[in-house]
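Counting begins at 1 with the first residue of the sequence.
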Amino acid sequence: MSNALVTKSNHLVEAGYKLSLNEQRLILSAITQLDGRKPVQRENDFIITAAEFSETFNIPIKQAYSTLEEASSRLYERDIKTFDHEAKTRGRFRWVDSVKYWDGEAKVTLSFSHSIIPYLNLLHQQFTTYELKQVSQLKTAYAIRFYELLVQFIKTGERYISLEKLREILEIKNQYKRFYDLKKYVIDPSINNINSSTNLTVDWDIVKNGKAITSLMFVFQKAQ
């Protein structure tokens, strides 16, 4: 899976959801089995084995067994919230229609929900693509989300995002209410992890309205 690609609609990149690190990894591993430019040519049933998971994310095989089992058991309950501010609509749907862990074969099979397929399939514009290996060594789900939010704007190398929107995307409206805590526990660890473990080099700064911090500005480029 060294050259496996993740392709998502930009609307999905900016949707609100909260997955654990290993739930993210499971979803991304399944997404790499889709070609975002083409229709699904077979049953919407994707297989992720413990051996593949172990190799891709550089974790011991025994840990991969338990990790896959735990991630798959929770994934069915996870949902996504989409926002269309121009149309003034909000959507909510599940990631998967079904998910199974096969004890005897150390694998997971999952089916994406019908509602999410349009965000992963037949994408000809307004989508983001990156190599799975770029996020394979990231240590938190937040770091993966930040990587996607930045690589979405790789052509310009700049991303401005309001704190309100960031909290909405990460589903942390009621957490880390002090900016000091948001910076310490979410932003700094994520950006440091991205700088050390991916192909992006990122700097960031705050944007103020008077004395209030309202937004963040990220400047980044692919590492040479």
Problem set entry | Lys18 side chain vs Glu171 backbone, donor-acceptor pair below 3.5 Å | yes

Exercise. Ser72 and Tyr101: which non-hydrogen atoms are nearest, and at how many Å?
Worked result: OG-CB, 3.6 Å

Exercise. Is it the case that one hydrophobic cluster holds both Val207 and Ile169, taking links as side-chain heavy atoms less than 4.5 Å apart, direct or via other members?
Worked result: no

Exercise. Quick one: do the Asn199 and Tyr147 side chains pair a donor with an acceptor below 3.5 Å?
Worked result: yes

For this session: Using modelled atom types only, decide if a donor and an acceptor are shared between the side chain of Thr82 and the backbone of Arg92 within a distance under 3.5 Å.
Result: no

Exercise. Does the pair Glu14/Lys165 count as a salt bridge with the N-to-O cut at 4.0 Å?
Worked result: yes

Exercise. Would Ile161 end up clustered with Val219 when hydrophobic side chains under 4.5 Å apart are linked, directly or stepwise?
Worked result: no

Exercise. Rounded to the nearest 0.5 Å, how far does OG1 of Thr49 lie from CD of Glu55?
Worked result: 9.0 Å

Problem set entry | For the student: nearest non-hydrogen atoms of Val202 and Asn195, plus distance | N-OD1, 2.6 Å

Problem set entry | Check: Ala50 main-chain N/O paired with Ser54 side-chain donor or acceptor under 3.5 Å | no

For this session: Test side chain to side chain contact (heavy atoms under 4.5 Å, CB included) on Leu110 and Ile48 and set out the steps.
Result: CA-CA 8 Å; Leu110 65 83; Ile48 301 92; 4.1 Å; yes

Problem set entry | Shortest non-hydrogen contact between Asp79 and Tyr17, atoms and distance | O-CB, 3.5 Å

Problem set entry | Gap between atom CD1 of Ile59 and atom OG of Ser66 - 0.5 Å precision | 7.5 Å

Problem set entry | Residue pair Asn10 / Thr128, side-chain donor-acceptor N/O under 3.5 Å | yes

For this session: Applying side chain to side chain contact (heavy atoms under 4.5 Å, CB included), run through Tyr65 and Thr67 and close with a yes or a no.
Result: CA-CA 6 Å; Tyr65 295 153; Thr67 292; over 6 Å; no

Problem set entry | Pairwise distance CD1(Ile117) to CG(Leu34) - rounded to 0.5 angstrom | 6.0 Å

For this session: With rounding to the nearest 0.5 Å, note down the distance linking CD in Glu52 to OG1 in Thr32.
Result: 8.5 Å

Exercise. Is there a donor-acceptor contact under 3.5 Å from the side chain of Ser136 to the main chain of Lys133?
Worked result: yes

Exercise. Considering all heavy atoms of both residues, which atom of Asn193 and which atom of Lys139 are nearest to each other, and what is their separation?
Worked result: OD1-N, 2.7 Å

For this session: Kindly check if the number of other-residue, nucleotide or ligand heavy atoms within 6.0 Å of CZ (Phe153) is above 12?
Result: yes

Seminar exercise, completed: Scanning both residues in full, the closest heavy-atom pair of Leu21 with Leu138 reads CD1-O, 3.7 Å

Exercise. Do Phe46 and Trp102 sit in the same hydrophobic cluster, where Ile, Leu, Val, Met, Phe, Trp and Tyr count as joined when their side-chain heavy atoms come under 4.5 Å apart?
Worked result: no

Exercise. Taking a hydrophobic cluster as the set of Ile, Leu, Val, Met, Phe, Trp and Tyr residues connected by side-chain heavy atoms closer than 4.5 Å, whether directly or through intermediates, do Phe127 and Tyr119 fall within one such cluster?
Worked result: no

Problem set entry | Atom pair NZ/CG of Lys107 and Leu68 - distance to nearest 0.5 Å | 12.0 Å

Exercise. Is a side-chain N or O of Arg167 found less than 3.5 angstrom from the main chain of Ile172, in a donor-acceptor match?
Worked result: yes

For this session: May I ask you to decide if Tyr76's main-chain N or O and Arg94's side chain share a donor-acceptor pair within less than 3.5 Å?
Result: yes

For this session: Establish, from distance only, whether the side-chain atoms of Tyr160 and Ser215 form a donor-acceptor pair under 3.5 Å.
Result: yes

For this session: Apply the test side chain to side chain contact (heavy atoms under 4.5 Å, CB included) to residues Asn22 and Phe57: give CA-CA distance (whole Å), side-chain angles for both, the deciding distance (0.1 Å), then the verdict.
Result: CA-CA 10 Å; Asn22 288 313; Phe57 300 106; over 6 Å; no

For this session: Check whether any side-chain N or O of Arg25 sits under 3.5 Å from a backbone N or O of Phe53 as a donor-acceptor pair, and report yes or no.
Result: no

Problem set entry | N/O donor-acceptor pair under 3.5 Å between Gln33 side chain and Ile47 backbone | yes

For this session: Over all heavy atoms of both residues, which pair between Ala15 and Ile80 is shortest? Give the atoms and the distance, please.
Result: CB-CG2, 3.6 Å

Exercise. Under the 3.5 angstrom rule, does the side chain of Ser197 hit a backbone N or O of Ile194 as a donor-acceptor pair?
Worked result: no

Problem set entry | side-chain contact (heavy atoms from CB on, under 4.5 Å) partner of Trp204, chosen from Arg159, Met217, Lys183 | Lys183

Exercise. Are a donor atom and an acceptor atom from the side chains of Trp95 and Ser113 found within less than 3.5 Å of each other?
Worked result: no

Exercise. Does Asp181 pair with Lys184 as a salt bridge, N-O distance under 4.0 Å?
Worked result: no

Exercise. Out of curiosity, does Ile191 fall in the hydrophobic cluster containing Ile206 (side-chain heavy atoms, cut-off under 4.5 Å, transitive links)?
Worked result: yes

Exercise. Given the side-chain rings of Phe146 and Tyr142, with only the six-membered ring counted for Trp, is the space between their centroids under 6.0 Å?
Worked result: no

Exercise. Step by step, would you call Phe179 with Leu163 a side chain to side chain contact (heavy atoms under 4.5 Å, CB included)?
Worked result: CA-CA 9 Å; Phe179 183 77; Leu163 287 182; 4.0 Å; yes

For this session: Count the heavy atoms belonging to other residues, nucleotides or ligands that lie under 6.0 Å from CD of Gln137, then report whether that count exceeds 12.
Result: yes

